[in-house]
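To keep things clear, I will list the structure first and then write my remarks on it.
Side-chain atoms are counted along with the backbone in the values below, which use heavy atoms only and exclude waters and symmetry mates. A, B, ... follow the sequence lines: proteins, then strands. Residue 1 opens every chain.
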There are 2 protein chains.
Amino acid sequence: MSETNNVEQMIKVMSRNGWRITDQRRLLAEIFAKTDGYLSPKYVYDQMTVHYPSVSFDTVYRNLRLLSEMGALEQFYFMDGGLKFRMNCSNHHHHHLICMNCEKTLTFDYCPMETTLKLPGNFKIINHRFEVYGVCEECQESS
Amino acid sequence: MSETNNVEQMIKVMSRNGWRITDQRRLLAEIFAKTDGYLSPKYVYDQMTVHYPSVSFDTVYRNLRLLSEMGALEQFYFMDGGLKFRMNCSNHHHHHLICMNCEKTLTFDYCPMETTLKLPGNFKIINHRFEVYGVCEECQESS
DNA sequence: CTATCTGCAAAAAGTTTGCACTTTT
DNA sequence: AAAAGTGCAAACTTTTTGCAGATAG
C-alpha cells in the first residue's frame with residue numbers, strides 16, 4: 001500500500017544521505033506519509049508525542065529542517081508567515097490549491113510561467129510562486 | 001512631484017481614519033514614498049533613526065501593523081518567511097516581479113486566475129498568490 | 001566502538017502587550 | 001483638556017545553539 005511505500009521512500013532518502021534511522025525519524029516519516037497537507041512543526045510534534053511521549057520539540061524541529069534541506073520534505077511559508085512542511089513531490093513541476101481551513105492541498109499542473117508572459121524590466125527570472133487558496137468541499141459542508 | 005504626492009496621500013489616509021499625524025508617522029510615510037520595494041521592519045527602523053534618533057522600534061512596528069490594517073501599506077511574507085511592507089497599490093489587481101537581491105519590485109497586469117484555469121476538487125476559491133522572483137538589471141550588472 | 005542523534009536548557013530573533021508620560025487635536 | 005500616540009520594559013512565540021548522555025551502524 002502507498003502509505004507504507006512513502007514511509008520507506010523517505011527512510012531510503014535518509015539512509016542514502018548517510019543518516020541514521022532512529023525511531024523518531026521513522027515516526028516522522030509515518031506522520032508525513034499519512035497526510036497530504038502542509039503540517040506545522042507544532043502539529044508534527046503533537047502527533048509525535050502521541051506515540052512517543054518523550055520526544056523533544058528540538059528534535060522534531062531539527063529533523064524537519066534537515067529533511068527539507070535534503071529534499072525529502074518541502075518547506076513553505078504560508079500567507080500568514082507560518083512555517084509548514086509537506087512531503088516533497090518534486091518529481092514534476094506543479095502548483096498547489098490549498099484549503100485555508102484544514103490546509104489540505106491538491107496539486108495541479110497548470111503553470112503561468114509556461115504561457116508567453118510579458119514581464120516588465122529586464123529581470124533574469126529565477127523563481128516563481130503561484131498558489132490558489134480556498135475552502136475544500138468538506139470544509140464548506142461543515143460550516 | 002510624485003514622491004510628495006505619495007506622502008500626502010498616505011497622510012490623508014491616516015487622517016481620514018481618525019489618526020493623529022505625528023512626526024514619526026509623517027517620516028514613515030516619507031520613507032515608503034521614496035522606495036518602490038518591500039521594506040523590512042528593521043530597515044524602516046534604521047531609516048527612521050537617521051532623521052529621528054529617539055524613535056523606538058515598537059512604535060515603528062506598531063505603525064507598520066496599523067498602516068497595513070487600514071490598507072495604506074501592504075504586508076507580505078517573503079519566500080524565506082521574512083515580513084515586509086510596501087506602499088499599497090490596491091487600485092487595480094496585479095502581481096509583482098521582485099528582485100531577489102535589492103527587493104525592488106515591478107508590477108505587471110497578467111493574472112493567471114483570469115485564464116480558464118481548470119483546478120482539481122470543488123474548492124471555493126478565495127484568494128491566490130503569484131509572484132515572479134529574479135534579479136533586476138542593475139543587480140545583474142553589479143555582480 | 002565511534003560518530004551521530006537526542007533531550008534538556010538556555011540563547012537569539014521576531015513580535016506583542018502594559019503602562020506612565022508626551023503630544024496632537 | 002481629552003484622547004491618542006510614544007517610548008520603555010518586559011513577556012511571549014518561534015527558531016537556533018551547546019553540550020552531556022544515549023544509540024544506530
Side-chain angles (χ1 to χ4, degrees), chain A residues 7-8 10-31 38-70 72-73 75-85, chain B residues 7-8 10-31 38-70 72-73 75-85:
Chain A
V7 174
E8 292 316 319
M10 274 185 80
I11 302 261
K12 217 179 293 172
V13 174
M14 297 195 243
S15 272
R16 200 185 313 137
N17 284 58
W19 291 22
R20 294 189 172 168
I21 308 306
T22 62
D23 293 347
Q24 292 90 331
R25 283 178 179 164
R26 182 172 291 277
L27 187 47
L28 207 54
E30 284 167 16
I31 288 168
Y38 283 92
L39 309 181
S40 71
K42 185 157 177 11
Y43 176 87
V44 176
Y45 172 68
D46 289 343
Q47 290 296 305
M48 293 278 282
T49 54
V50 172
H51 302 285
Y52 202 118
S54 70
V55 77
S56 76
F57 195 73
D58 326 70
T59 299
V60 175
Y61 225 95
R62 197 160 21 207
N63 281 321
L64 288 174
R65 182 156 39 85
L66 292 170
L67 279 165
S68 36
E69 273 168 17
M70 93 169 46
L73 293 178
Q75 172 179 326
F76 188 90
Y77 287 92
F78 264 60
M79 293 234 285
D80 65 352
L83 179 58
K84 298 278 165 67
F85 296 86
Chain B
V7 174
E8 293 314 319
M10 275 185 80
I11 303 261
K12 217 181 290 174
V13 173
M14 297 196 242
S15 273
R16 200 186 312 138
N17 284 58
W19 291 21
R20 294 184 173 174
I21 308 308
T22 62
D23 293 346
Q24 291 91 330
R25 283 177 180 165
R26 182 173 291 278
L27 187 46
L28 208 54
E30 282 167 16
I31 288 168
Y38 284 92
L39 308 183
S40 71
K42 184 155 180 14
Y43 176 86
V44 176
Y45 172 68
D46 289 343
Q47 290 296 305
M48 293 277 282
T49 54
V50 173
H51 301 284
Y52 200 118
S54 69
V55 76
S56 76
F57 194 73
D58 325 67
T59 298
V60 175
Y61 225 95
R62 197 159 23 207
N63 280 322
L64 287 174
R65 183 156 37 84
L66 291 170
L67 279 166
S68 35
E69 275 167 17
M70 91 167 46
L73 293 178
Q75 174 178 322
F76 187 89
Y77 287 92
F78 262 60
M79 294 233 285
D80 66 351
L83 179 58
K84 299 278 167 67
F85 296 85

Whole Å only: how far is the [atom1] atom of [X] from the [atom2] atom of [N]?
X	N	atom1	atom2	result
Arg62(A)	dA10(C)	CZ	C1'	14 Å
Arg65(B)	dG5(D)	CZ	C1'	13 Å
Leu64(B)	dT15(C)	CG	P	10 Å
Ile21(A)	dA22(D)	CD1	P	22 Å
Asn63(B)	dT23(C)	CG	C1'	14 Å
Arg26(B)	dT6(D)	CZ	P	13 Å
Tyr77(A)	dT14(D)	OH	P	13 Å
Tyr61(A)	dT14(D)	OH	P	8 Å

Practice problem: Grab the two heavy atoms, one from Phe85(B) and one from Pro41(B), that are nearest each other, plus how far apart they are. | Solution: CE1-CG, 4.0 Å
Quiz item: Phe78(A) and Tyr77(B): which non-hydrogen atoms are nearest, and at how many Å?
Solution: O-CB, 4.3 Å
[X] side-chain proximity, nearest of [options]:
X	options	result
Ser56(B)	dC8(D), dG7(C), dT16(D)	dC8(D)
Asp23(B)	dG7(D), dT24(C), dG7(C)	dT24(C)
Arg20(B)	dT24(C), dG25(D), dT15(C)	dT24(C)
Trp19(B)	dC5(C), dG5(D), dG7(C)	dG5(D)

Look at the side-chain N and O atoms of [X] and state whether any lies under 4.0 Å from the OP1 or OP2 oxygen of [N].
X	N	result
Arg25(A)	dT6(C)	yes
Gln24(A)	dT23(D)	no
Thr22(A)	dT6(C)	yes

Quiz item: With side chains defined as the heavy atoms from C-beta onward, is the minimum distance between Gln75(B) and Leu67(B) less than 4.5 Å?
Solution: no
Practice problem: Start with the C-alpha gap between Val50(B) and Asp46(B), add the side-chain angles, then the distance that decides, and say whether side chain to side chain contact (heavy atoms under 4.5 Å, CB included) holds. | Solution: CA-CA 7 Å; Val50(B) 173; Asp46(B) 289 343; over 6 Å; no
Practice problem: Would you mind telling me which residue lines up with the more 5' stretch of DNA chain C, Asp58(B) or Val60(A), judged by nearest nucleotide? | Solution: Val60(A)
Quiz item: Touch check for Thr59(B), heavy atoms < 4.0 angstrom, all strands: base, sugar-phosphate only, or nothing?
Solution: base
Quiz item: Can the ring centroids of Tyr38(B) and Phe76(B) be said to lie less than 6.0 angstrom from one another?
Solution: yes
